[in-house]
Amino acid sequence: MSVQVWTYGFVIVTFSLYIGIAIWSRASSTKEFYIAGGHVHPLANGMATAADWMSAASFISMAGLISFLGRDGTFYLMGWTGGYVLLALLLAPYLRKFGKFTVPDFIGDRYYSQTARLIAVFCAIVISFVYVCGQMQGAGIVFSRFLEVDITLGVVIGMTIVFFYAVMGGMKGITYTQVAQYCVLIFAFMVPAVFISIMTTGNPVPQLGFGSELTEAFGGGYLLDRLDGLSRELGFDVYTEGQKSTQDVFFITAALMFGTAGLPHVIIRFFTVPNVRDARRSAGYALIFIAILYTAAPAVAAFARTNLINTVNNAEYSEMPEWFSKWEKTNLIAFEDKNNDGRIQFVGDPEKNELTVNRDIIVLANPEIAGLPNWVIALVAAGALAAALSTAAGLLLVISTSISHDLLKRSLMPDITEKQELLYARLAIFVAVLIAGYYGINPPGYVAQVVAFAFGLAAASFFPALVLGIFNKRMNKEGAIAGMVCGFTFTAGYIIYFKFINPAADNAAGWWFGISPEGIGALGTLINLSAALLVAKFSKEPPEEVQKIVETIRLPGEAMEH
């Protein structure tokens with residue numbers, strides 16, 4: 001069977017499974033809609049958290065970035081993984097003990113301020129919208145290539161599916177759908193990785209194949225040595241040598257770490273388990289499930305880069321395999337025959353290079369480039385859709401709960417009934433899906449790049465407010481508000497300036513202190529922290545009951561009632 005037929009089969013089966021789960025687990029109360037009733041098993045929550053967190057950026061774009069940037073691409077790997085450890089150790093158990101539905105709920109109550117709550121609502125909505133754009137974009141790429149439909153139609157299909165099970169099931173439906181999506185995405189990522197590792201190195205474990213010698217059919221020698229040699233020969237940056245400045249790598253890694261620990265759609269997952277102990281257990285499970293993909297990603301990147309160079313460089317354009325023309329139709333690969341010799345020159349010199357490759361296609365095209373069976377190629381497509389849609393659903397729920405619960409129920413319309421609150425939550429998802437779809441069709445950058453902006457904004461707004469709210473009982477509402485406003489405004493302004501107002505200055509020479517827009521969230525975090533501590537020092541202490549709450553949430557015990 002053709003790749004398209006296999007893909008249709010996998011998509012129909014997996015989407016039917018997701019919809020069936022949503023119908024089975026539909027939410028009938030706000031507690032089920034917001035936190036799945038608070039009784040999800042930690043193992044299931046660990047899987048759901050892994051799927052929620054490993055978005056299209058992790059599945060599609062991260063290995064692609066490492067493939068093109070080499071060692072410089074690994075800051076995504078280090079930042080996202082390290083950030084999850086921060087989240088699991090510093091925040092998740094304490095937030096679960098506090099016993100609230102959402103991050104704005106915690107900030108509003110901890111800082112005894114409706115203003116703080118509304119600022120947190122605004123930040124949560126903006127961060128989630130920026131993040132969800134990347135997921136819709138990833139879904140569109142998969143649909144356009146493997147189902148051979150227009151990217152716009154692909155985004156619309158993804159929007160429709162997510163809207164259906166998010167609206168019907170809320171967090172309850174999303175949780176159990178994400179368990180299924182994790183199984184699909186991890187199987188889809190690892191199967192081709194194992195295939196290619198065996199083909200190129202004879203080692204069935206990709207993580208070990210990454211450091212192994214290539215078989216004689218692939219030229220022998222160690223994989224990374226071979227890749228470095230090819231890079232030098234063709235004029236690309238050496239794969240294992242970093243090109244970015246030390247400070248930029250540091251700030252990007254830090255921004256991704258702090259941002260991960262402040263992401264509202266991941267934090268909310270720890271409110272779905274029965275108690276604090278289960279929050280810790282689910283964090284441990286999630287870290288194991290995440291590590292399976294993250295430890296394999298560098299190997300996938302190296303295999304893909306080697307196969308791509310060997311396949312396309314100096315090859316006759318008229319004799320390229322079918323996958324090449326299929327990807328050309330999506331405009332994600334483009335060939336320009338500059339010297340009119342009919343051969344593809346894939347080199348590091350921009351004046352001579354004739355091939356443009358979008359980084360987001362590397363993982364998706366890798367099985368085709370390697371000549372794997374059609375069912376494996378289609379499986380990767382299904383896995384990429386699972387990654388994109390699982391995270392999109394979690395983000396849309398954050399937007400929905402921020403509007404219906406934090407903005408309306410807790411601020412503007414406190415007298416609405418539970419039924420009305422559920423209605424507003426579902427209407428909010430509908431509007432959010434439309435906006436996310438638009439930016440998925442008209443994305444501001446690569447999937448991982450767009451997602452990095454969301455992490456930077458989360459780092460500069462939520463991370464200090466959450467950490468200080470848990471570990472500093474002297475932190476008051478004035479400090480928290482000042483910190484969030486200063487950190488978020490600075491980071492958003494920096495990103496907007498270099499990406500939209502003056503993109504010509506978006507380079508190492510134009511950046512402040514040599515920090516790229518992807519890494520500026522770390523500096524925004526420091527600004528937030530400094531402003532919060534300074535303002536808190538010269539303003540009134542929090543009420544005594546708030547300080548007691550801060551002391552209580554750090555002690556062993558169950559969730560609080562307040």
Non-hydrogen side-chain atoms of Tyr317 and Arg343 separated by less than 4.5 Å: no
Test applied, ring pair (Phe, Tyr, Trp, His ring centres under 6.0 Å); reference residue, Phe455; option that passes from Phe462, Phe463, Trp80, Tyr76: Trp80
Derivation and outcome, side-chain contact (heavy atoms from CB on, under 4.5 Å), residues Phe490 and Ile520: CA-CA 9 Å; Phe490 169 77; Ile520 200 62; 3.6 Å; yes
NZ or CZ of Arg71 within 45° of Tyr239 ring axis and under 6.0 Å: no
Expected output: side-chain Thr260 to main-chain Leu256 donor-acceptor under 3.5 Å: yes
Worked verdict on Ile344 versus Phe324 for side-chain contact (heavy atoms from CB on, under 4.5 Å): CA-CA 12 Å; Ile344 300 173; Phe324 191 91; 4.0 Å; yes
Distance, nearest 0.5 Å, that separates CZ of Phe68 from CZ of Arg305: 5.5 Å
Heavy atoms from other residues, nucleotides or ligands near CD of Glu316 exceed 12 (cutoff 6.0 Å): yes
Thr401 side chain vs Val398 backbone, donor-acceptor pair below 3.5 Å: yes
Heavy-atom side-chain proximity of Leu95 to Ile470 below 4.5 angstrom: yes
Min side-chain heavy-atom separation Phe250-Phe75 under 4.5 Å: no
Exam field: side chain Ser197 to backbone Ala193, donor-acceptor pair closer than 3.5 Å: no
Sub-6.0 Å ring centroid separation between Phe122 and Phe488: yes
Criterion side-chain contact (heavy atoms from CB on, under 4.5 Å) on Leu234 and Ile309, from CA distance to verdict: CA-CA 9 Å; Leu234 299 175; Ile309 292 174; 3.4 Å; yes
Modelled atom types, side-chain donor and acceptor of Tyr294 and Ser58, under 3.5 Å: yes
Beyond-backbone contact of Cys486 with Asn528, side-chain heavy atoms, under 4.5 angstrom: no
Gap between atom OG1 of Thr152 and atom CD1 of Ile157 - 0.5 Å precision: 11.0 Å
Smallest separation among heavy atoms of Leu77 and Pro298, with atom names: CD2-CG, 3.6 Å
Over all atoms of both residues, closest heavy-atom pair of Ser245 and Gly514: OG-O, 4.0 Å
Flag, side chain of Asp228 to backbone of Thr240, donor-acceptor distance under 3.5 Å: yes
Exercise: identify the closest heavy-atom pair between Ala116 and Ile107: O-CG2, 3.8 Å
Pairwise distance CZ(Arg359) to CD1(Ile361) - rounded to 0.5 angstrom: 12.5 Å
Parallel, tilted or perpendicular, as decided by the 30° and 60° cut-offs, for the rings of Tyr84 and Phe270: tilted
Within 6.0 angstrom of Tyr222 OH, more than 12 heavy atoms from elsewhere: no
Gap between atom CG of Asp406 and atom CG of Leu118 - 0.5 Å precision: 9.0 Å
Residues Leu223, Thr200; criterion side-chain contact (heavy atoms from CB on, under 4.5 Å); working and verdict: CA-CA 9 Å; Leu223 171 64; Thr200 55; 6.0 Å; no
Nearest atoms (heavy-atom pairs only) where Pro367 meets Leu364: CD-O, 3.5 Å
Considering all heavy atoms, the nearest Ala460-Thr491 contact: CB-OG1, 3.1 Å
Rounded distance (nearest 0.5 Å) linking atom CG of Leu293 with atom CD1 of Ile186: 4.5 Å
Under 3.5 Å: donor-acceptor pair, side chain of Asn507, backbone of Ala504: yes
Tyr494 side-chain N/O to Trp512 backbone N/O, donor-acceptor pair under 3.5 Å: yes
Phe346-Phe236 aromatic ring centre distance below 6.0 Å: yes
Side-chain donor/acceptor of Tyr182 to backbone N/O of Thr49, under 3.5 Å: no
Expected output: side-chain Asn353 to main-chain Asp349 donor-acceptor under 3.5 Å: no
Min side-chain heavy-atom separation Asn366-Pro192 under 4.5 Å: no
Lys/Arg N to Asp/Glu carboxylate O, Glu354 vs Lys338, below 4.0 Å: no
Shortest non-hydrogen contact from Ala459 toward Ala255: CB-O, 3.7 Å
Flag side-chain contact, heavy atom, 4.5 Å: Met78 against Met257: no
Residues Phe251, Phe513; criterion ring pair (Phe, Tyr, Trp, His ring centres under 6.0 Å); working and verdict: CA-CA 11 Å; Phe251 274 89; Phe513 314 112; 8.4 Å; no
Ile369 side, atom CD1; Trp327 side, atom CH2 - distance, nearest 0.5 Å: 9.0 Å
Contact check, side chains of Glu518 and Asp248, non-hydrogen atoms, under 4.5 Å: no
Close side-chain approach of Leu533 and Lys537, heavy atoms under 4.5 Å: no
